[in-house]
Amino acid sequence: MTASLPRPVGLGTVPAASHPDAIAATTAAGPAALAERRPSVPAERLVAEMVPPPRFAGVSFGSYLPDPTQPSQFEAVRVLEGFAAGLTAAAPKRGWFRKAAAPAGPAGVYLDGGYGVGKTHLLASLWHAAPGPKAFGTFVELTNLVGALGFQQAVRTLSDHKLLCIDEFELDDPGDTVLVSTLLSRLVEAGVKLAATSNTLPEKLGEGRFAATDFMREIQGLSAHFTTVRIDGQDYRHRGLPAAPAPYTDAEVTQRAATVPGASLDDFPTLLAHLSAVHPSRYGALLDNVHAVCLRGVCPVEDQSTALRLVVLADRMYDRELPITASGIPFDQVFSDEMLKGGYRKKYLRAISRLVALARDSAK
């Protein structure tokens with residue numbers, strides 16, 4: 001049986017201590033502890049935050065630097081620019097008994113390429129180039145939105161969008177894949193254009209790239225509507241980067257938290273335990289008003305459910321470019337060899353890469 005993150009749950013009220021103003025006051029008085037926060041995230045915020053993460057807030061097709069040795073990267077930019085141009089076609093106003101006509105062209109594009117070739121950069125560039133209303137989110141964020149709004153309300157909320165971009169479409173969770181595929185079918189019927197990237201099925205992990213046929217098979221009802229854009233190239237995360245920086249001492253981490261404005265300070269095991277009580281859709285809110293993360297006692301993660309929660313937190317910290325100062329073991333030793341050989345290998349490698357990068361930012 002494979003481990004998975006908790007299913008989306010309702011967003012209820014929380015104690016007054018978790019109000020954003022209280023969080024800010026705590027931060028002003030000293031290092032805040034993430035493990036003491038229990039943020040409440042209204043469904044409206046989940047919708048409003050469906051935009052590219054801060055790291056990709058200013059990207060464009062022009063800022064994407066294709067590898068001169070990879071013609072497919074130049075071709076990908078050309079195809080996506082054309083797709084964005086098609087979205088600017090004016091659709092007739094809705095009448096009482098008719099839907100607005102969708103722009104001409106394919107209903108969706110699928111970016112098919114290996115890990116670290118710039119798919120998210122290109123997907124965000126498409127989002128920036130397209131007219132609104134539009135939405136951008138990872139597969140996990142989309143399933144969280146459905147959980148918060150309910151399926152029918154999610155369909156109604158997104159049906160007036162011109163474009164929905166889905167990063168890291170997860171093919172390793174059959175239940176969620178069926179749920180999202182059904183949602184996308186309804187959105188295509190409403191005239192919404194789609195763009196997606198995906199991860200790799202477990203049995204394909206050794207191939208080093210994403211297989212378009214796997215993606216198309218998993219979204220059977222939509223496959224005919226997608227144009228596949230192949231992107232070849234070397235994983236930029238493995239281009240001669242140095243090893244993970246040496247950890248600090250506990251005393252150094254505590255001192256850093258006390259001197260860096262907006263820093264949080266947590267014991268790593270305590271934070272991991274706290275994550276089990278916070279829905280992953282709220283991990284972004286967990287980091288509100290935080291400008292640096294300090295962790296004492298980083299240690300190996302013992303079980304897969306905890307590891308997957310750490311992956312989501314690592315993504316949210318990376319999106320916000322939060323430097324991490326940590327003691328204990330280096331981040332490239334957090335996941336066991338068994339985990340790195342399993343079905344979630346790609347997720348763990350991505351998390352390691354991002355955590356190590358944030359640790360390097362702290363060292364700078």
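Values in this document were obtained by computation on a predicted structure and should not be read as measured data.
The structure places NZ of K119 at 9.5 Å from OH of Y64, a figure rounded to the nearest 0.5 Å. L111 CG to R230 CZ: the interatomic distance, rounded to the nearest 0.5 Å, is 12.5 Å. Atom NZ of K347 sits about 13.0 Å away from atom CG of L310, to the nearest 0.5 Å. Between the CZ atom in F61 and the OG atom in S125 there is a gap of 5.5 Å [rounded to 0.5 Å]. The distance from the CG atom of L308 to the CE atom of M339 is 8.0 Å, given to the nearest 0.5 Å. To the nearest 0.5 Å, atoms CG (L122) and CD1 (I231) are separated by 5.0 Å.
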Self-check item: Chi angles and distances behind the side chain to side chain contact (heavy atoms under 4.5 Å, CB included) call for Q152, R186
Solution: CA-CA 10 Å; Q152 296 300 334; R186 295 284 296 275; 3.4 Å; yes
Practice problem: Step by step, work out the salt bridge (charged side-chain N to carboxylate O under 4.0 Å, His left out) result for R316 and E141. | Solution: CA-CA 11 Å; R316 300 292 80 80; E141 289 169 332; 3.8 Å; yes
Exercise. Would you check, one step at a time, whether the test side chain to side chain contact (heavy atoms under 4.5 Å, CB included) holds for V59 with H128?
Key: CA-CA 8 Å; V59 301; H128 287 301; 3.9 Å; yes
Exercise. Take D250 and R256 through the salt bridge (charged side-chain N to carboxylate O under 4.0 Å, His left out) test and state the conclusion after the steps.
Key: CA-CA 10 Å; D250 286 351; R256 177 69 65 90; over 6 Å; no
Quiz prompt | Derivation of the side chain to side chain contact (heavy atoms under 4.5 Å, CB included) call for Q73 and D232 | solution = CA-CA 7 Å; Q73 295 186 9; D232 295 311; 6.0 Å; no
Quiz prompt | CA sep, side-chain torsions, deciding dist, call: L80, V109, side chain to side chain contact (heavy atoms under 4.5 Å, CB included) | solution = CA-CA 8 Å; L80 291 174; V109 292; 3.9 Å; yes
Quiz item: Given T197 and D167, is the side chain to side chain donor-acceptor pair (under 3.5 Å) satisfied, shown in steps?
Solution: CA-CA 5 Å; T197 71; D167 199 20; 2.6 Å; yes
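Contact annotation: the side chain of L87 approaches that of P131 to within less than 4.5 Å [non-hydrogen atoms, C-beta and beyond]. Considering only heavy atoms from C-beta on, Q304 stays 4.5 Å or farther from E338 through its side chain. In this structure, V229 and Y110 have side chains that are not in contact, with every pair of non-hydrogen atoms separated by 4.5 Å or more. Side-chain contact between F83 and L163 is present, with heavy atoms from C-beta onward closer than 4.5 Å. The side-chain heavy atoms of H274 and R38, taken from C-beta on, include a pair separated by under 4.5 Å. Within the 4.5 Å cutoff, the side chain of T249 has heavy atoms near those of the E252 side chain. Between L149 and V47 there is a side-chain heavy-atom pair separated by less than 4.5 Å. By the 4.5 Å heavy-atom criterion applied to side chains, V293 and D266 are not counted as neighbours.
No path of Ile, Leu, Val, Met, Phe, Trp and Tyr side chains, each step under 4.5 Å between heavy atoms, connects V117 with F74, placing them in separate hydrophobic clusters. The cluster map of Ile, Leu, Val, Met, Phe, Trp and Tyr, joined by side-chain heavy atoms under 4.5 Å apart, puts V260 and L322 in different clusters.
With hydrogens and angles left out, the side-chain atoms of T228 and D112 include no donor and acceptor closer than 3.5 Å. With no hydrogens or angles considered, a side-chain donor-acceptor pair links T254 and R296 at under 3.5 Å. Between S63 and H121, the side chains place a donor N or O and an acceptor N or O closer than 3.5 Å (distance only, hydrogens not considered).
Partners of D337 under the side chain to side chain donor-acceptor pair (under 3.5 Å) rule, at least two apart in sequence or in another chain, do not exist in this structure.
A side-chain donor-acceptor contact under 3.5 Å links D303 to the backbone of T306. Looking only at distances, no side-chain donor or acceptor of S353 sits under 3.5 Å from a matching main-chain atom of L349. Of the possible donor and acceptor atoms, one in the side chain of K134 sits under 3.5 Å from a partner among the backbone N and O of W127. In this structure, the side chain of T157 engages the main chain of Q153 through a donor-acceptor pair within 3.5 Å.
A cation-pi contact links R55 to Y318, judged by a cut-off of 6.0 Å to the six-membered ring centre and 45° from its axis.
A148 approaches L46 most closely through the heavy-atom pair CB-CD1, 3.4 Å. Smallest separation of non-hydrogen atoms from A257 and P31: O-CG, 3.4 Å. Of all non-hydrogen atoms in Y283 and L275, the two that sit nearest each other are OH-O, 3.0 Å. Nearest approach of A124 to F56, heavy atoms of both residues: CB-CB, 3.8 Å. In terms of heavy atoms, L158 sits closest to A135 at CD2-CB, 4.4 Å. Listed here is the closest heavy atom pair of P280 and N144: C-ND2, 4.1 Å.
The pair R354-D361 does not count as a salt bridge, with every side-chain nitrogen at least 4.0 angstrom from each carboxylate oxygen.
The salt bridge (charged side-chain N to carboxylate O under 4.0 Å, His left out) analysis of residues 71-84, with sequence neighbours excluded, yields the pairs E75-R78.
Taking the six-membered ring for Trp and thresholds of 30 and 60 degrees, Y348 and F335 have nearly parallel ring planes, at less than 30 degrees apart.
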